[in-house]
Asks: 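Before I ask anything, let me first share the structure, which is written out below as structure tokens.
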Amino acid sequence: MIILRKDKLNLVEPTDEVMNKSPQRFNFDTDGESAPGVANVLFERMKQLGGVGLSANQVGLDMSVFVMGLGELKIAVFNPIIIKYSKEEELFNEGCLS
């Protein structure tokens, strides 16, 4: 079981090792029951930091998880894989915390 405390999760520097490597996949076989708690702690920390998205590695956690949301909308993504992308570009204000 994974236990996280949001008051212990601080943003790491972009040069931190955890930000410059592929994070470990979240293991649902061993930690699946912890997934809702992990997501909730990341959501709470994201709100405290004033962001609209937060990756686990941005707060020093070596796991492939990110959350995003605004208001009541909350989305948690575990072990994301990019399956398609576009070469089109759009300009908008960045909301990243790192």
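Only this structure's heavy atoms are used, side chains among them; waters, hydrogens and symmetry mates stay out.
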Asks: Determine the minimum heavy-atom distance between S64 and R25, stating which atoms define it.
Replies: CB-CA, 4.1 Å

Asks: Could you give me the CA-CA distance, side-chain angles and deciding distance for M1 and I3, then say whether side chain to side chain contact (heavy atoms under 4.5 Å, CB included) is met?
Replies: CA-CA 6 Å; M1 175 176 263; I3 299 173; 4.3 Å; yes

Asks: How long is the span from the CG atom in D31 to the CD1 atom in I2, to the nearest 0.5 Å?
Replies: 3.5 Å

Asks: Is it the case that atom CD in Q48 sees more than 12 heavy atoms from other parts of the structure closer than 6.0 Å?
Replies: yes

Asks: Would R45 and D7 pass as an ion pair if we require N to O under 4.0 Å?
Replies: no

Asks: Quick one: side chain to side chain contact (heavy atoms under 4.5 Å, CB included) partners of K8, sequence neighbours excluded?
Replies: R5

Asks: Do V67 and I75 touch side chain to side chain, with heavy atoms closer than 4.5 Å?
Replies: no

Asks: Working to the nearest 0.5 Å, report the span between CE of M63 and CG of L4.
Replies: 5.5 Å

Asks: Quick check for you: to the nearest 0.5 Å, what is the distance between L42 atom CG and L49 atom CG?
Replies: 10.5 Å

Asks: So, taking the atom named NZ in K74 and the one named CE in M68, what distance separates them when rounded to the nearest 0.5 Å?
Replies: 14.0 Å

Asks: Counting distance only, does the side-chain N/O of N40 pair as donor-acceptor with the main-chain N or O of P36 below 3.5 Å?
Replies: yes

Asks: Going from CD on E33 to CZ on F28, what distance comes out if it is rounded to the nearest 0.5 angstrom?
Replies: 12.5 Å

Asks: When you compare the side chain of V38 with that of F26, does any pair of heavy atoms fall below 4.5 Å?
Replies: yes

Asks: Would a 4.5 Å heavy-atom cut-off, applied to side chains only, mark V18 and L61 as touching?
Replies: no

Asks: Quick check: F66 with F78 (ring centres under 6.0 Å apart)?
Replies: no

Asks: Of all the heavy-atom pairs spanning G53 and M46, show the shortest one and how long it is.
Replies: N-SD, 3.3 Å

Asks: Identify the heavy atoms of P14 and M19 that sit nearest to each other, and give their distance.
Replies: O-CB, 3.6 Å

Asks: So do the side chains of V59 and N10 get within less than 4.5 Å of each other, counting heavy atoms only?
Replies: no

Asks: Does the S55 side chain pair with the main chain of N57, one donor and one acceptor, at a distance under 3.5 Å?
Replies: no

